[in-house]
Undergrad: 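Below is a structure I'd like to ask you about.
Worth knowing before you read on, the calculation uses all heavy atoms, side chains too, and leaves out hydrogens, waters and symmetry mates. Letters A, B, ... are given to chains in the order of the sequence lines, protein chains preceding strands, and every chain is numbered from 1.
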Amino acid sequence: METQTAKGHFIENIIKEDLAGNKNNGRVVTRFPPEPNGFLHLGHAKSICLNFKMAQQFNGKCNLRFDDSNPAKEKQIYIDSIMSTVKWLGFDYNTPFYASDYFDALHDFAVELIKKGKAYVCSLSAEEMKEYRGTLTEPGKNSPYRDRSVEENLDLFRRMKEGEFDEGEHILRAKIDMASPNINMRDPVIYRVKKAPHPRTGDKWCIYPMYDFTHCISDALEGITHSLCSLEFEDHRPLYDWILDNITIPCHPQQIEFARMNINYTVLSKRKLQRLISEGVVSGWDDPRLPTLEGMRRRGYTPSAIRNFCDVIGVSKKESRIDMSLLESCLRDDLNENAPRVMGVIRPLKVTLENYPQGQTETLAAMNHPQKPEAGKREVSFSRHLYVEQDDFMEDPPKKFFRLGPGREVRLRAAYLITCKEVIKNEAGEVVELICTYDPETRGGNAPDGRKVKGTIHWVNAQDCIDAQIRLYDRLFKDENPERDSQDFVENLNPDSLETLEHAKLERSLETAEPEAVYQFERLGYFCLDSKDSTPDKPVFNRTVTLRDTWAKVATRN
RNA sequence: UGGGGCGUCGUCAAGCGGUAAGACACAGGGUUUUGAUCCCUGCAUUCAGAGGUUCGAAUCCUCUCGCCCCAGCCA
């Protein structure tokens, strides 16, 4: 369940203060402004949750707005994916907004700046621009075109719009201060010629506004009150404010910056994720090992777990590297509460109950959730031939191992106590079958004589089960910081991030499993049907996350 | 000695002059027909460092150190 953060983070506090001072007539309007040039990942989820939750908490609203001012990079498929992902995460927006819907207004504001002598058409080449810009420690120089007349600027800008010039020939710049210590204020470009069709406006435009010009005006046009963005835009805030202060617009949103998140053992940047995909390290944008929201969805992550995680990590201005274990903990919290329990054996070992009547089958009742009797019971079938987990048998077990071993008795979950009588091996010396006896007096799992068994293991009826492929996922990188020592992060990949097991044996009830429905395979972890590769003939289950395993910890310690 | 930002437990993170919340992780213990869940217990004499102000400082002042971001006609 979603935990409430008792205390507010700094953005929440700013909003509260604004509300207390009646700053925006009590309105709170935020926005999530992705550029549709890729798929959403966990980093975006933090922003989505922050923006939508601030709106929810203060009875305001949050717009989904596509920041689509660069047609060279943007595509409709990304727009569609982003919309569906935001909905899946659990947030409602009525109709999406698009910066491209403001292209006319943006153009008019640019003309206003020109008329006020606050913008000019510059005809320096890209290289010359770079030279004139100066460096971090040296001021820039004024462009020789800086003092063109308003008339000439208007004419040139009009001709840019009409397609008279090629890309790069002329650009429109704000006239601010070439000597500013803040490079963003050194006469930034606000419009450029780009002869590319736009996914939404088609061929209507051949000039497109730059981010700094587009974003603040889009915010103002939508009546955004709090424009939340990440830290790297801190240096852009003076420009954000300058533009709104120099055009005629009645609204001036407040930009507030927060730190983006990092998580260990993975990467969270479009560029790096893109590389993993293009180099074939993973199968695509929705590979279950990726921290993309589509990948996590396919893996079995629930929207609620992700929302809770975003809540728990907080919001601050400190750069962070969050433990993957925190994410997994949020996931397990949700899954433990909500996933029905079933039994599946992923590395089967045959068991024959020598004293169980040949040909007999019986049906046992198993709890769907031990902590929730109201979740009911299901039927599982039992016979003389079973499968148990290879890991649950040791020929020469240490004292603390309380599973199966020669002569040992264990409980089969929701069934009977069995005792291992004989171990059958193949020529290679591998254990291939266990001959056991069962105690007919222990149906359900308790011995009438009160004797205790330490171990309970899961099992499946060999004569009534389904065959499935299991995909075990592990962290994508070996090192908690994939880029440690500035080495190429791809060299740090975990070669065992995916282990595929064929012919796992699952209880029959899983036949009706639906993609995205997560089950707890008792004692193993949480699994869900793969939404892409599964077929009725050959079900494929993804391991969402393991159960916490203190035994594994003890075992590796010794 | 360009500008901007950040430094509180292994990791996040509260704290806003009155004497270090919480979560994850970790370590013990209890319950348990999942070695799961659940429940207890422990885990920063100290807040990047050094000075100073104050009866009192993580919180105020000064200096120092460290880390991140910025020189796209990307967002």
Undergrad: Tell me, please, which residues at least two apart from A:His458 pass ring pair (Phe, Tyr, Trp, His ring centres under 6.0 Å).
TA: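 Applying ring pair (Phe, Tyr, Trp, His ring centres under 6.0 Å) to A:His458 gives none.
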Undergrad: Who are the salt bridge (charged side-chain N to carboxylate O under 4.0 Å, His left out) partners of A:Glu389, not counting sequence neighbours?
TA: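 A:Glu389 satisfies salt bridge (charged side-chain N to carboxylate O under 4.0 Å, His left out) with no other residue.
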Undergrad: Tell me, which of residues 179-190 of chain A have any heavy atom that sits under 4.0 Å from an atom in RNA chain B?
TA: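 Correct list: A:Pro181, A:Ile183, A:Val189.
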Undergrad: Output the single nucleotide from B:C74, B:A13, B:A23 whose closest atom is nearest the side chain of A:Lys318.
TA: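 For the A:Lys318 side chain, the nearest candidate turns out to be B:A13.
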Undergrad: Measure up the A:Trp205 and A:Phe103 rings against each other and bin them: parallel (under 30°), tilted (30 to 60°), perpendicular (over 60°).
TA: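 Perpendicular.
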Undergrad: Kindly write out the residues that satisfy ring pair (Phe, Tyr, Trp, His ring centres under 6.0 Å) with A:Tyr301, not counting sequence neighbours, or none if the list is empty.
TA: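 So A:Tyr301 forms no ring pair (Phe, Tyr, Trp, His ring centres under 6.0 Å) with any residue.
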Undergrad: Using heavy atoms and a sub-4.0 Å distance, could you list which residues of residues 321-328 of chain A are near RNA chain B? By number, please.
TA: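 Output list: A:Arg321, A:Ile322, A:Asp323, A:Ser325, A:Leu326.
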Undergrad: Counting only side-chain heavy atoms from C-beta out, which of B:A25, B:G2, B:C73 sits nearest to A:Thr137?
TA: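 It is B:G2.
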Undergrad: Measuring only the C1' atom in each nucleotide, how far is B:C43 from B:A27? A whole number of Å is fine.
TA: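 It works out to 8 Å between them.
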Undergrad: Between B:G4, B:C12, B:A75, which nucleotide gets closest to the side-chain atoms of A:Asp235?
TA: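 Of B:G4, B:C12, B:A75, B:G4 is nearest to the side chain of A:Asp235.
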Undergrad: Say you pick atom C1' in B:C12 and the same atom in B:A21; how far apart are they, in whole Å?
TA: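 Looking at atom C1' only, B:C12 and B:A21 are 14 Å apart.
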Undergrad: Using a heavy-atom cut-off of 4.0 Å across all strands, would you classify A:His236 as base, sugar-phosphate, or nothing?
TA: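 Base contact.
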Undergrad: Can you sort out the partners of A:Phe157 under ring pair (Phe, Tyr, Trp, His ring centres under 6.0 Å), two or more places apart, ordered by chain and number?
TA: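 In terms of ring pair (Phe, Tyr, Trp, His ring centres under 6.0 Å), with neighbours along the sequence ignored, A:Phe157 is linked to A:His107, A:Tyr191.
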Undergrad: Mind checking A:Glu257 for me? I need base, sugar-phosphate or nothing, with any heavy atom below 4.0 Å counting as a touch.
TA: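 If one applies the 4.0 Å heavy-atom cut-off, A:Glu257 turns out to touch nothing in the nucleic acid.
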Undergrad: Heavy atoms under 4.0 Å, any strand shown: does A:Arg133 hit a base, just sugar-phosphate, or nothing?
TA: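 Sugar-phosphate contact only - A:Arg133 comes under 4.0 Å of backbone atoms but never of a base.
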Undergrad: A:Phe213 near the nucleic acid: base, sugar-phosphate alone, or nothing, with a heavy-atom cut-off under 4.0 Å?
TA: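 No contact.
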Undergrad: Measure the distance between the ring centre of A:Tyr211 and the centre of the six-membered base ring of B:A75, then answer whether it is under 5.5 Å with planes under 30°.
TA: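 So no, this residue does not stack on that base, at least one cut-off failing.
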Undergrad: Using a 4.0 Å heavy-atom cut-off across all strands, classify A:Met261 as base, sugar-phosphate, or nothing.
TA: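 Since no nucleic acid heavy atom lies under 4.0 Å of A:Met261, the category is nothing.
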Undergrad: Could you write out each protein N or O paired with an N or O of nucleotides 14-16 of chain B at a distance under 3.5 Å?
TA:
unit_1, atom_1, unit_2, atom_2, d
B:A14, O2', A:Lys7, NZ, 3.1

Undergrad: Which residues pass the side chain to side chain contact (heavy atoms under 4.5 Å, CB included) test with A:Asn142, not counting sequence neighbours?
TA: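 Testing A:Asn142 for side chain to side chain contact (heavy atoms under 4.5 Å, CB included), a comparison that skips the adjacent residues, returns A:Arg146, A:Met178.
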Undergrad: Mind checking A:Glu232 for me? I need base, sugar-phosphate or nothing, with any heavy atom below 4.0 Å counting as a touch.
TA: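 Sugar-phosphate contact only.
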Undergrad: Between A:Ser278 (side chain) and A:Arg275 (backbone), is there a donor-acceptor pair under 3.5 Å?
TA: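 Flag set: sc A:Ser278 to bb A:Arg275 pair under 3.5 Å.
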Undergrad: Could you list the residues that satisfy side chain to side chain contact (heavy atoms under 4.5 Å, CB included) with A:Arg403, not counting sequence neighbours?
TA: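 Testing A:Arg403 for side chain to side chain contact (heavy atoms under 4.5 Å, CB included), a comparison that skips the adjacent residues, returns A:Asp391, A:Asp392, A:Phe401, A:Ile457, A:Arg523, A:Trp551.
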Undergrad: For A:Lys195, check salt bridge (charged side-chain N to carboxylate O under 4.0 Å, His left out) against everything at least two apart and list the hits.
TA: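 Salt bridge (charged side-chain N to carboxylate O under 4.0 Å, His left out) list for A:Lys195, sorted by chain: A:Asp166.
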Undergrad: Looking at B:A25, B:A71, B:A36, which one has an atom nearest to any side-chain atom of A:Ser329?
TA: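 So the side chain of A:Ser329 is nearest to B:A25.
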Undergrad: Run the ring pair (Phe, Tyr, Trp, His ring centres under 6.0 Å) test against A:His236 and tell me which residues pass, sequence neighbours left out.
TA: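 Ring pair (Phe, Tyr, Trp, His ring centres under 6.0 Å) list for A:His236, sorted by chain: A:Phe233.
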Undergrad: With a 4.0 Å cut-off on heavy atoms, is A:Phe402 in touch with a base, just the backbone sugar-phosphate, or nothing at all?
TA: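 A:Phe402: base contact, heavy atoms under 4.0 Å.
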Undergrad: Are side-chain N/O atoms of A:Asn63 and A:Glu222 paired as donor and acceptor at under 3.5 Å?
TA: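 A:Glu222 and A:Asn63 do have a side-chain donor-acceptor pair below 3.5 Å.
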Undergrad: Categorize A:Ile313 for me: base, sugar-phosphate, or nothing, with a 4.0 angstrom heavy-atom threshold over every strand shown.
TA: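 The residue A:Ile313 makes sugar-phosphate contact but no base contact.
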Undergrad: Does B:C74 have OP1 or OP2 sitting under 4.0 Å from an N or O in the side chain of A:Arg192?
TA: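 For B:C74, OP1 or OP2 has a side-chain N or O of A:Arg192 closer than 4.0 Å.
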Undergrad: Could you work out, with side chain to side chain contact (heavy atoms under 4.5 Å, CB included) as the rule, every residue matching A:Asn336, not counting sequence neighbours?
TA: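 Once residues adjacent in sequence are excluded, the partners of A:Asn336 under the side chain to side chain contact (heavy atoms under 4.5 Å, CB included) criterion are A:Arg341, A:Tyr526.
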Undergrad: What is the distance, to the nearest angstrom, from the CH2 atom on A:Trp242 to the C1' atom on B:G3?
TA: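 It works out to 19 Å between those atoms.
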